[in-house]
Amino acid sequence: MDAQSATVPPTGAIARLRTMIGQLLGGTSEASVTRRLAGTVFIIRVVSAALAYLSQILLARWMGGSDYGVYVYVWTWVLLLGSMMDFGISASAQKIIPQYRTEGEHALLRGFLSGSRWMTFVVSSIVSLALAGGVRLLSPWIDAGTLVPLYIGCLTLPAFVVANTQDGIARSHDWMRLGLMPQFIVRQTLIIGLTAGAFALGLDLGATAAMLASAAAVWIAMIGQMVVLNRRLGGHIEPGPKAYDFRGWLAISLPILMVEGFYLLLSYTDVLVLQQFRSSQEVGVYFAVVKTLALVSFIHYAMSATTAHRFAEYHSTGDSARLSAYVAHAIKWTFWPSLAATILLLALGKPLLWLFGPQFVVGYDIMFIAAIGLVVRSAIGPVERLLNMLGHQHICALAYALAFAMNVALCIALVPRFGGHGAAAATSISLTFETVLLFWIVRRRLGLHVLAFGN
């Protein structure tokens, strides 16, 4: 952590701003490195969001409404299933790798670095074949134009899952660009480039062609990432015998998978319920509001991705003082930037929503309701990663399950009457409940104060 300065702290807003910028950009302490790595992750996610938005606009214009709808449907399934078919290995890698490293279990470490990827590839390939068989059995009830894209989606899943696993391994070594850029930057760029090439050549850019381009982008990005990752690991890990503990890896990973799964469900519940009770126009406005506020979530994601493996490392070495200081640092650098980003987005809300179209400006007041939950959640920082890394993933999964159940109940109660306002209120209340519950769990189980302010 940063050493405490013996000099008088700077006074005045400008002086404090200069000090904060200096801390963010300079320094060699772990706190300074963490801030720079989190900044790198945040920038990658913002650029990725811009590329994804651009690709969706271009594909919609090039493909037409019907084919674009099929493509979005299949790609959404790839994103949802691919995020869960690694059984939580991508997240648990940030616990397992530091633990093996600090305990000197080099054979198990070497086994995990290769065996985790082979395990997720084999299992996801078997599941993908089963899904393709399910598509075949259900083909009489599936639209003919959707069948081939669905088969291509099944072909895409193994590479998507291995890329997620490699992301977790790279982040555990502080290789944030190697972990995230292939998935969030290279893949999006390849999708745009391949579909643009097909369009320029005059080929029929339907849902099948777009899914082929997306599948090729996923496989190319994953293989390129694998080559670079293997080269870096070869220079970082000494060669030697390998040992495999598949049962132990799954025992750690599956509860973490439950946490990630309930978080995904919590994230999609408001839109899915709103779609059942309100018009597509209102759903579109609400979706634009959520996407506009996504910048706040990127800050939380960046700090979570950067700090998780260090939580595990400090816990494995028994350095509780260092762990406590690092947790406090992570919370501070999650909450205050999130608060600043929220204020900025609310100030610019109307112009940002107008970019989607003049009719989307009516959702401006929904932004204030939705922002409450995001700010409250950021006040405790990445404590869900802290619980997962310290072996409390079961109670963390239970907390997320309760928040998800509350969100479903509140959405069903509020959305039919209040529409997007009710969906935003339900999600903010659920996030507030989740925050209070996680704060209480960490306080009782770890004895840590995990709030951005107070003692």
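Just so you know, residue 1 is the first one in the sequence shown, and it goes up from there. FYI, side chains are in, hydrogens and waters are out, and symmetry mates aren't considered; it's all heavy atoms of this structure.
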- Find the distance between CG (Leu51) and CD1 (Ile192) and round it off to the nearest 0.5 Å. 5.0 Å
- Item | Point-to-point distance, once rounded to the nearest 0.5 Å, from NE2 of His315 to CG of Leu386 | 9.5 Å
- Message: Main chain of Ile44, side chain of Ser48: is a donor-acceptor contact present, judged purely on distance under 3.5 Å?
- Response: no
- Query: When rounded to the nearest 0.5 angstrom, what distance separates CG in Leu387 from CD1 in Ile441?
  - Reply: 6.5 Å
- Could you tell me the separation between the OG1 atom of Thr292 and the NZ atom of Lys350, rounded to the nearest 0.5 Å? 14.0 Å
- Message: For the CH2 atom on Trp77, are there more than 12 heavy atoms of other groups (residues, nucleotides or ligands in this structure) within a distance under 6.0 Å?
- Response: no
- Query: Could you walk me through whether Ile126 and Leu129 pass the side-chain contact (heavy atoms from CB on, under 4.5 Å) check?
  - Reply: CA-CA 5 Å; Ile126 294 172; Leu129 286 173; 5.7 Å; no
- Report the C-alpha separation of His106 and Glu238 in whole Å, then their side-chain angles, then the decisive distance to 0.1 Å, and conclude whether the side-chain contact (heavy atoms from CB on, under 4.5 Å) test is met. CA-CA 9 Å; His106 300 298; Glu238 293 183 2; over 6 Å; no
- Message: Filter on ring pair (Phe, Tyr, Trp, His ring centres under 6.0 Å), then keep only pairs touching residues 422-442, sequence neighbours left out; what's left?
- Response: Phe439-His449
- Query: Does Gln225 use its side chain to pair, donor to acceptor, with the backbone of Leu178 at less than 3.5 Å?
  - Reply: yes
- Query: Looking only at heavy atoms, what is the nearest atom pair of Ala379 and Phe335, with distance?
  - Reply: CA-CD1, 3.5 Å
- Query: Quick one: does Arg110's side chain have a donor or acceptor within less than 3.5 Å of a partner on Pro241's backbone?
  - Reply: yes
- Take the angle between the ring planes of Phe404 and Phe262 and call it parallel below 30°, perpendicular above 60°, tilted in between. tilted
- Query: Just wondering, do Leu274 and Asp270 contact through their side chains at under 4.5 Å, heavy atoms?
  - Reply: no
- Task: Step by step, work out the side-chain contact (heavy atoms from CB on, under 4.5 Å) result for His421 and Ile369.
- Result: CA-CA 7 Å; His421 295 79; Ile369 304 173; 3.9 Å; yes
- Message: Quick one: does any side-chain atom of Asp86 pair with a main-chain N or O of Asn164 as donor and acceptor, under 3.5 Å?
- Response: no
- Message: Can you give me the closest heavy-atom contact between Ser253 and Ser92, atom names plus distance?
- Response: OG-OG, 2.6 Å
- Keeping the roles fixed (side chain from Thr334, backbone from Gly381), state whether a donor-acceptor pair exists under 3.5 Å. no
- Where does the angle between the aromatic ring planes of Trp249 and Phe246 fall among parallel (under 30°), tilted (30 to 60°) and perpendicular (over 60°)? perpendicular
- Query: So, does Thr102 use its side chain to make a donor-acceptor pair with the main chain of Gln99 at under 3.5 Å?
  - Reply: yes
- Item | Considering all heavy atoms, the nearest Leu293-Ala371 contact | CD1-N, 4.0 Å
- Please work out whether the ring planes of Trp333 and His329 are parallel, tilted or perpendicular, with thresholds of 30° and 60°. tilted
- Task: Would you confirm whether Lys95, through its side chain, and Met389, through its main-chain N or O, come within 3.5 Å as a donor-acceptor pair?
- Result: yes
- Message: Donor-acceptor check, side chain of Ser428 to backbone of Gly373, threshold 3.5 angstrom: yes or no?
- Response: yes
- Item | Gap separating the CD1 atom of Ile96 from the CZ atom of Arg101, nearest 0.5 angstrom | 12.5 Å
- Message: Determine whether a donor-acceptor pair (N or O, by modelled atom type, separation under 3.5 Å) exists between the side chain of Ser378 and the backbone of Val375.
- Response: yes
- Task: Check Ile256 against Gly88 and note the closest heavy-atom contact, atom names and distance.
- Result: CG2-O, 4.4 Å
- Any donor and acceptor pair, going by atom type alone, linking the side chain of Arg417 with main-chain N or O of Ala413 inside 3.5 Å? no
- Task: Using the side-chain hydrogen bond (donor to acceptor under 3.5 Å, both in side chains) rule, collect all pairs that involve residues 387-399, keeping only residues at least two apart or in two chains.
- Result: His392-Arg445
- side-chain contact (heavy atoms from CB on, under 4.5 Å) with Phe121: which residues, sequence neighbours excluded? Trp118, Ser125, Pro158, Val162, Trp219
- Looking only at heavy atoms, the pair that brings Val74 and Gly153 closest together is CG1-CA, 4.3 Å
- Residue pair Met119, Ile89: steps toward the side-chain contact (heavy atoms from CB on, under 4.5 Å) verdict: CA-CA 10 Å; Met119 180 180 71; Ile89 288 289; 3.7 Å; yes
- Message: Is there a side-chain contact between Ile220 and Leu190 in this structure, where contact means two heavy atoms from C-beta onward sitting under 4.5 Å apart?
- Response: yes
- Check Ala452 against Trp336 and note the closest heavy-atom contact, atom names and distance. O-NE1, 4.4 Å
